[in-house]
Amino acid sequence: MISWSADKIHDFQETLLAWYDAEKRDLPWRHDQDPYHVWISEIMLQQTQVQTVIPYYERFMAKFPTVADLAAAPEPELLKAWEGLGYYSRARNLKKAAIQLVTDYEGVWPKTAAELQALTGIGPYTAGAIASIAFGEVVPAIDGNAFRVFSRLLKIDADIAKPQTRKIFEAAIQPIVSPTRPGDFNQAIMDLGSSYMTAKNPDSEHSPVKTFNQAYLDGVEDQYPVKTKKARPILKEFYGLVIESPEAVLMVQRPGQGMLANLWTYPLVAKEQVEQLLADNPRMTDLAAVEQLVQDDYQLELHLKQLSLKPVSHTFTHQKWQITLLQAKIDEAVDLSYFPGKLLTKTDLATTPVPTIQAKMAQTVEKQ
DNA sequence: CACACGTGGGT
DNA sequence: TACCCAAGTGT
């Protein structure tokens, strides 16, 4: 790791901000410095690309224009607005923090990064972003871009996958943040990280700060940042039950914690559970086993048939799901009182938040 | 601290 | 396909 003189720091700030002034992207949340706008955009942008976020941000602001609107938002409406964005706890945490702002803070924003971290869903990165962009505090906002950019500029060898590495970067970046334009500085670093200084195929030759990029100058840019790899997703197999009445389909709400919390899907039966039953009844078919499980658990008699040849597949960060769809028809009169789900009509589904894996399943059913 | 937590895009 | 990556946080 190298360090910069005061003169070099000043040069870097001038160069970076001049480039930013000339080339910054026109994004919907850059039209003002309203902390609410900054906040919502920063949460949406966590682990999510700009192009994906733009339409969600526009719709969200139209539906929940102020902190008070967000604090009063019913969770299903909030999740529906978040549908397809992923990491749904972000949406629930937004509401929690909005309520904190309205009640604990009486609608007055805390203005420092240290204080902002008391709000649910706001960690060190987002706190730095809001404090610098909306309130002008001279603090870094260290996201994946900042880690990558400064690891190359300064040849920082610490593993950015390790939590403790943040301290090293904070200490290295804090003295470099522009004292007059901290918000623009942080956003410029992010723009740099998503243009010239990308993770793969960077274009440092044409970067506005190439003369400051020590890793590039030394011909070792491809060695930065240092980042250990994560575990691969593990396979989880399910049967998905498409139980249809003439006007509706049976859906269940997922538990309030864990994967896809509170979202709705077709009922899923883990293949593991089916195989346990088959171990004691080796001549039974998979379909019959699922029918018996549903009968035993929910007092519901079904006549299932396999709907799709290939399972519906979806890869999450840590799990790969494969769902074989099984279809059954029921009539409206059937007793669902033991079944932990609801018959939802097309109209109901328009206001029911579902994850992408459910959308994929529904699409597969439609094609039949 | 290590891991869970979604999704879409790129190679 | 499989893997990596993208404006991270909570537990």
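Letters A, B, ... are given to chains in the order of the sequence lines, protein chains preceding strands, and every chain is numbered from 1. All values reported here derive from a predicted model rather than from experimental measurement.
Straight-line distance from the CZ atom of A/R90 to the P atom of B/dT7: 10 Å, rounded to whole Å. Taking atom CD of residue A/E83 and atom P of nucleotide B/dT7, one finds them 9 Å apart after rounding to whole Å. Rounded to an integer number of Å, the gap from A/K96 NZ to C/dG10 C1' is 9 Å. Atom CZ in A/R166 sits roughly 12 Å away from atom C1' in C/dA7 (whole-Å rounding). A/H314 has its NE2 atom 7 Å from the P atom of B/dG8, to the nearest Å. What separates CG of A/L94 from P of B/dC5 is a distance of 19 Å, to the nearest Å. Going from atom NZ of A/K230 over to atom C1' of B/dA4 covers 10 Å, rounded to whole Å. Counting to the nearest Å, the P atom of B/dG9 and the CG atom of A/L85 are 12 Å from each other.
Listed nucleotides C/dA7, B/dT7, B/dT11 differ in distance to A/E42; the shortest reach to its side chain belongs to C/dA7. The nucleotide whose nearest atom lies closest to any side-chain atom of A/T48 is, among C/dC5, B/dG6, C/dG8, B/dG6.
For A/Q319, no side-chain nitrogen or oxygen approaches OP1 or OP2 of B/dA4 to under 4.0 Å. Under 4.0 angstrom from either OP1 or OP2 of C/dC5 there lies no side-chain N or O belonging to A/R148. Considering only side-chain N and O atoms, A/H318 lies nowhere under 4.0 angstrom from the phosphate OP1 or OP2 of B/dC5. An OP1 or OP2 oxygen of B/dT7 is reached within less than 4.0 angstrom by a side-chain nitrogen or oxygen of A/T356. Taking side-chain N and O atoms only, A/Y88 has a distance below 4.0 Å to OP1 or OP2 of B/dT7. Using a 4.0 Å cut-off, no side-chain N or O of A/K200 falls inside it from OP1 or OP2 of B/dG9. Contact annotation: A/R232 side-chain N/O to C/dC3 OP1/OP2 distance is under 4.0 Å. For the OP1/OP2 pair of C/dG8 and a distance below 4.0 Å, the side-chain nitrogens and oxygens of A/Q47 include at least one atom meeting the criterion. One finds no side-chain N or O of A/Q46 lying less than 4.0 angstrom from the OP1 or OP2 phosphate oxygen of B/dC5.
Residues A/F169 and A/F147 place their aromatic rings such that the two centres sit under 6.0 Å apart. Aromatic pair A/F60/A/F64: centroids less than 6.0 angstrom apart.
In terms of modelled atom types and a separation under 3.5 Å, the side chain of A/T364 and the main chain of A/A362 share no donor-acceptor contact.
Counting any heavy atom pair closer than 4.0 Å across all strands shown, A/T126 reaches sugar-phosphate atoms only and no base atom. Residue-level contact check: A/W29 touches the bases, meaning some heavy atom is under 4.0 Å from a base atom. No engagement by A/R254 is indicated, since no non-hydrogen atom pair under 4.0 Å with the nucleic acid exists. Using a 4.0 Å heavy-atom criterion, one finds that A/N93 contacts the sugar-phosphate atoms exclusively. Residue contacts for A/T120: at a heavy-atom cut-off of 4.0 Å it reaches the sugar-phosphate backbone alone, with no base atom in range. Nucleic acid contact for A/V53: none, since no nucleic acid atom lies under 4.0 Å from a heavy atom of the residue. A/L27 comes within 4.0 angstrom of a base, heavy atoms only.
Judged by closest nucleotide on DNA chain B, A/Q164 is the one of A/Q164 and A/M259 placed further toward the 5' end.
Between A/W109 and A/F135, the angle of the ring planes lies from 30° to 60°, which puts this pair in the tilted group. Ring planes of A/F212 and A/F12: perpendicular class, angle over 60° (limits at 30 and 60°).
For the P atom pair drawn from C/dC4 and B/dA4, the interatomic distance equals 16 Å after rounding to whole Å. Taking atom P on both nucleotides, C/dT9 is separated from B/dG8 by 22 Å, rounded to a whole Å. Taking the P atom of each, B/dC5 and C/dA6 are spaced 22 Å apart, rounded to whole Å. Taking the C1' atom of each, B/dA2 and C/dA7 are spaced 23 Å apart, rounded to whole Å.
A salt bridge between A/D191 and A/K24 is absent, with no side-chain N of the basic residue lying under 4.0 Å from a carboxylate O of the acidic one.
Here the options are A/E221, A/R152, A/K210, A/E205, the test is side-chain hydrogen bond (donor to acceptor under 3.5 Å, both in side chains), and the partner is A/Y216; only A/E205 passes.
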